Amino acid sequence: MAKLTKLDDIVSLCKRRGFIFQSSEIYGGLASCYDYGPLGVELKRNVREAWWKSVVKMRDDVVGLDCSILMHPMVWKSSGHADKFADLVTVCKKCNARTRVDHLKDHAEEHTEHVPIETAQVDAQNLSKKVCPGCGKIGQFGEPMAFKLMFETQMGANADDTMSLWLRPETAQGIFANFKNVLDSTRVKVPFGIAQIGKSFRNEVTTKAFIFRTREFEQAEIEFFCEPGTDEQWYEHWKEKRFAWYIDHGIDPENLRFRDHDPDELAHYAKACVDVEYKFPFGSGDWQELEGVANRTDFDLRQHQRGMRSINDWYENDRDLTKITLKEEAEDYHKGPLSYFDEQKKERYIPYVIEPSAGIDRSTLAFLVDAYDEEEVKGETRNLLRFHPALAPTKVAVFPLVKKHGMPEIATKICDDLKKSITCFYDQKGAIGRRYRRQDEAGTPYCITVDGQTSEDNTVTVRDRDSMDQERIAVDQIKAYMRDKLDM
RNA sequence: GCGGGUGUAGCUUAGUGGUAAAGCUUCAGCCUUCCAAGCUGAUCAUGCGGGUUCGAUUCCCGCCACCCGCUCCA
């Protein structure tokens with residue numbers, strides 16, 4: 001069957017049906033920014049809720065959180081973002097390949113982490129011996145360009161007295177910063193997790209592929225705190241849980257896989273990391289990351305303990321982060337303010353952290369692409385979105401077979417009644433077949449039709465999106481029927 | 001940022017140095033008793049800004065945006 005094979009087809013579908021629009025389109029658009037239309041916002045909201053339900057509501061060991069996007073600058077000093085979230089990039093004059101300066105080596109290149117900007121600048125002084133990984137030419141590089149990877153903004157209305165802040169580049173740090181608050185207020189015990197969904201901002205060097213890599217994006221992250229030594233089993237646990245979530249919500253297993261990070265690919269704080277990848281149809285049909293599950297060890301909480309010890313330095317140095325370095329870690333750091341006291345073992349430790357970090361926009365796109373289908377029906381092409389019921393923007397559409405003989409009144413009443421608990425949509429325009437197809441394109445799983453028989457025996461037909469089969473049920477059974485079908 | 005490509009109604013396409021055509025969609029009406037039927041009518045476009053020209057959607061320049069690479073990662 002013909003499917004979406006080009007990104008252009010997906011973009012077109014998204015716009016045509018009101019899923020996703022280019023941001024500020026009437027002004028020519030704004031690079032890398034997108035808006036969710038009427039159907040898109042419902043879909044995305046459902047993706048969020050499905051995630052939240054799965055990791056918070058259905059579990060006893062995860063609680064939720066919603067942190068501010070603006071946080072104390074020291075958060076980013078401790079996390080490492082302030083020092084390291086800047087790259088110097090240079091371009092080979094011969095082949096135009098673009099490479100991060102810290103990735104350039106005299107000989108073979110090996111993967112490295114982000115490095116402090118100052119270090120990179122020193123490195124950049126001497127590129128004459130460096131080898132272009134693209135064409136192998138030596139020392140043919142242009143002036144290195146600095147990239148600020150975090151968005152900066154100002155807090156304070158008085159123009160002469162403002163404070164520069166960053167928009168968070170990840171939601172994770174808000175969770176670490178609230179670790180103690182959650183411990184003190186919710187009676188949770190390790191192992192437990194804190195989940196959060198929210199916007200993050202990164203000045204990606206290059207954006208990519210529609211909403212796949214954007215500078216403003218939405219993350220769904222869990223920081224799961226566990227006892228050191230149990231981290232590997234929890235890593236496996238989350239790896240499995242998160243993979244299953246995509247499958248359970250309709251992603252074709254053929255299009256989903258794990259990709260383990262190579263040891264030299266791991267971030268400095270991570271002990272292990274695996275990506276959940278989806279086979280997007282764009283480009284050459286590449287596998288692209290939807291979610292990363294990482295074992296972050298005790299790195300973050302230990303870093304924040306160092307940061308807390310350094311706060312006075314920040315004040316004493318005119319609140320200038322570039323002038324300070326974090327204090328060394330205390331000898332007994334494992335008993336520090338962000339440690340956990342294990343009642344069973346009667347000992348304190350800094351928990352290890354397993355972090356499943358998903359991209360809401362990315363998975364929304366994956367669910368959309370994966371649900372898209374075309375099939376031949378009586379010589380006509382039927383376009384439909386086979387969304388999982390939990391994700392479908394509209395759950396039920398209600399129609400009168402024709403708009404006379406009192407059918408619209410009955411149908412309207414049914415729809416109004418359903419609205420209280422189910423997202424539904426009423427339509428009486430045009431021929432019935434057309435209305436069915438319209439709902440197919442929006443991914444609505446069920447259509448209820450009031451016909452001539454309804455006024456005689458109080459029954460309606462329920463039409464299934466995927467099979468197009470119809471079933472006749474009693475009006476007073478509709479709610480129960482839908483609850484059952486929609487698994488509500 | 002560099003290289004390559006693209007930009008005409010909501011969508012898909014046509015076309016031209018003389019003021020833009022069609023299909024689908026949408027809207028109104030008629031007709032319709034179960035899968036995009038039919039009839040009538042209507043709305044809607046040359047990404048933005050300059051230049052050349054009597055006249056630019058078309059030619060030139062700049063900008064913006066998107067796509068494909070280089071990169072990166074949720």
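Note: hydrogens, waters and symmetry copies are ignored here, and every other heavy atom, side chains too, is used. Letters A, B, ... are given to chains in the order of the sequence lines, protein chains preceding strands, and every chain is numbered from 1. Because the structure is predicted, anything quoted here is derived from the model rather than measured.
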### Query
Quantified in whole Å, what is the C1' atom distance between nucleotide B:C67 and nucleotide B:G50?
27 Å
### Message
Heavy atoms only, 4.0 Å cut-off, all strands: where does A:Thr454 land among base, sugar-phosphate and nothing?
### Response
nothing
### Task
Could you give the distance separating B:C61 and B:U52 at their P atoms, to the nearest angstrom?
15 Å
### Query
Considering Watson-Crick and G-U wobble pairs with both distances under 3.5 Å, what does B:A36 pair with?
none
### Message
Within the 4.0 Å heavy-atom criterion, would you say A:Arg215 contacts the bases, only the backbone, or no part of the nucleic acid?
### Response
nothing
### Message
With hydrogens left out and only the distance checked, is there a donor-acceptor pair under 3.5 Å joining A:Tyr436's side chain and the base of B:C34?
### Response
yes
### Spacing of A:Arg435 atom CZ relative to B:A37 atom C1', expressed in whole Å
14 Å
#### Entry: B:G62 - base-pair partner by Watson-Crick or wobble geometry, distances under 3.5 Å
B:C48
#### Entry: Interatomic distance where CD belongs to A:Glu456 and P belongs to B:U33 [whole Å]
15 Å
### Message
From CZ of A:Arg465 over to P of B:A36, roughly how many Å is that when rounded to an integer?
### Response
19 Å
### Query
What about the rings of A:Phe192 and A:Phe224, do their centers lie closer together than 6.0 Å?
no
### Task
Check every atom of B:C67, B:A28, B:C34 against the side chain of A:Arg472 and return the nucleotide holding the closest atom.
B:C34
### Query
Counting only Watson-Crick or G-U wobble pairs whose two distances fall under 3.5 Å, which nucleotide matches B:U57?
none
### Message
Is it the case that over 12 heavy atoms from other parts of the model lie below 6.0 angstrom from the NZ atom of A:Lys241?
### Response
no
### Task
Could you measure between the two P atoms, the one in B:G7 and the one in B:C39, and give it in whole Å?
34 Å
## Note on the structure
Of A:Cys424, A:Pro445, A:Pro389, the one forming a side chain to side chain contact (heavy atoms under 4.5 Å, CB included) with A:Val396 is A:Cys424
### Query
A:His405 side chain: which of B:C11, B:C34, B:U33 is closest?
B:U33
### Query
Base, sugar-phosphate alone, or nothing: which one does A:Tyr34 contact when heavy atoms must sit under 4.0 Å apart?
sugar-phosphate
### Query
Just checking A:Arg362: base, sugar-phosphate only, or nothing, at a heavy-atom cut-off of under 4.0 Å?
base
### Message
Measuring only the C1' atom in each nucleotide, how far is B:U33 from B:G10? A whole number of Å is fine.
### Response
32 Å
### Task
Would you mind reading off the distance between A:Phe21 atom CZ and B:G47 atom P, rounded to a whole angstrom?
20 Å
### Query
Roughly how many Å is it from OH in A:Tyr27 to P in B:G7, rounded to a whole number?
25 Å
### Task
Assign A:Leu290 to base, sugar-phosphate, or nothing according to its heavy-atom contacts below 4.0 angstrom with the strands shown.
sugar-phosphate
### Task
With heavy atoms under 4.0 Å as the rule, sort A:Thr381 into base, sugar-phosphate or nothing.
base
### Task
Looking at every strand, decide which applies to A:Glu289 at a 4.0 Å heavy-atom threshold: base, sugar-phosphate, or nothing.
base
## Note on the structure
Side-chain contact check for A:Met407: nearest option of B:U33, B:A74, B:A36 is B:U33
### Task
Remember a base hit wins even if backbone is also touched, and classify A:Gly292 as base, sugar-phosphate or nothing at under 4.0 Å, heavy atoms.
sugar-phosphate
### Query
Which whole-number value in Å describes the distance from A:Lys429 NZ to B:C35 P?
21 Å
### Query
Are the aromatic ring centres of A:Phe399 and A:Tyr436 under 6.0 angstrom apart?
yes
### Task
Check the side chains of A:Ser200 and A:Glu170 for a donor-acceptor pair under 3.5 angstrom, ignoring hydrogens and angles.
no
### B:U12 to B:U6 separation - C1' atoms, rounded to the nearest Å
15 Å
### Message
Just the rounded figure in Å: distance from P of B:C68 to CZ of A:Phe280.
### Response
12 Å
### Message
From the set B:C34, B:A36, B:A74, return the single nucleotide nearest to any side-chain atom of A:Gln219.
### Response
B:A74
### Query
What does A:Ser200 touch in the nucleic acid at a heavy-atom separation under 4.0 angstrom: a base, only the sugar-phosphate, or nothing?
nothing
### Query
Of A:Glu441, A:Glu375, A:Arg437, which meets side chain to side chain contact (heavy atoms under 4.5 Å, CB included) against A:Leu384?
A:Glu375
### Message
I want to know whether A:Phe210 and A:Tyr34 have ring centres closer than 6.0 Å.
### Response
yes
### Message
Using atom C1' in both nucleotides, what's the gap between B:U43 and B:C11 to the nearest angstrom?
### Response
16 Å
## Note on the structure
Note: for A:Gly359 and A:Arg382 on RNA chain B, the residue whose nearest nucleotide lies more 5' is A:Arg382
### Query
Per the atom types in the model, does the base of B:C35 pair as donor or acceptor with the side chain of A:Arg463 at under 3.5 Å?
yes
### Task
Would you classify A:Ser12 as touching base, sugar-phosphate or nothing, given that sugar-phosphate means primed atoms plus P, OP1 and OP2, and contacts are heavy atoms under 4.0 Å?
sugar-phosphate
### Message
If you count every heavy atom of other residues, nucleotides or ligands that lies below 6.0 Å from A:Arg45 atom CZ, does the total exceed 12?
### Response
no
### Partner nucleotide, any strand, of B:U43 [Watson-Crick/G-U, under 3.5 Å]
none
#### Entry: side-chain N/O A:Lys403 vs B:U32 OP1/OP2, d < 4.0 Å
no
#### Entry: Nucleotide paired to B:C11 in any strand shown, Watson-Crick or G-U, under 3.5 Å
B:G23
### Query
Is there a donor-acceptor pair under 3.5 Å between the side chain of A:Gln219 and the backbone N or O of A:Gly198?
no
### Query
Picking from B:A36, B:C67, B:C35, which would you name as closest to the side chain of A:Met468?
B:C35
### Query
Say you pick atom C1' in B:U40 and the same atom in B:U8; how far apart are they, in whole Å?
28 Å
### Base B:C34 to side chain A:Asp451, donor-acceptor N/O within 3.5 Å cut-off
yes
#### Entry: G-U wobble or Watson-Crick pairing nucleotide for B:G69 (cut-off 3.5 Å, both distances)
B:C2
### Query
Using the benzene-type ring in the case of Trp, are the ring centres of A:Phe367 and A:Trp51 under 6.0 Å apart?
no
### Summary
Of the listed B:C35, B:C34, B:C67, the closest approach to the A:Val377 side chain comes from B:C35
### Query
Between B:A56 and B:U19, how far is it from one C1' atom to the other, in whole Å?
10 Å
### Message
If you assign A:Arg16 and A:Glu441 each to the RNA chain B nucleotide with the nearest heavy atom, which residue ends up on the more 5' nucleotide?
### Response
A:Arg16
### Message
Closest approach to the side chain of A:Arg202, judged atom by atom: which nucleotide of B:C34, B:A74, B:C35 is it?
### Response
B:A74
### Query
Can you check whether A:Gln22 has a side-chain N or O nearer than 4.0 Å to OP1 or OP2 of B:C66?
yes
### Query
Which listed nucleotide (B:A36, B:U26, B:C73) is nearest to the side chain of A:Arg259?
B:C73
### Query
Taking the side chain of A:Lys15 as its heavy atoms from C-beta onward, which of B:U32, B:A74, B:G10 lies nearest to it?
B:G10
### Summary
A:Gln196 CD to B:A74 C1', in whole Å, measures 14 Å
#### Entry: Closest to side chain of A:Ser357, choosing from B:C35, B:C11, B:A74
B:A74
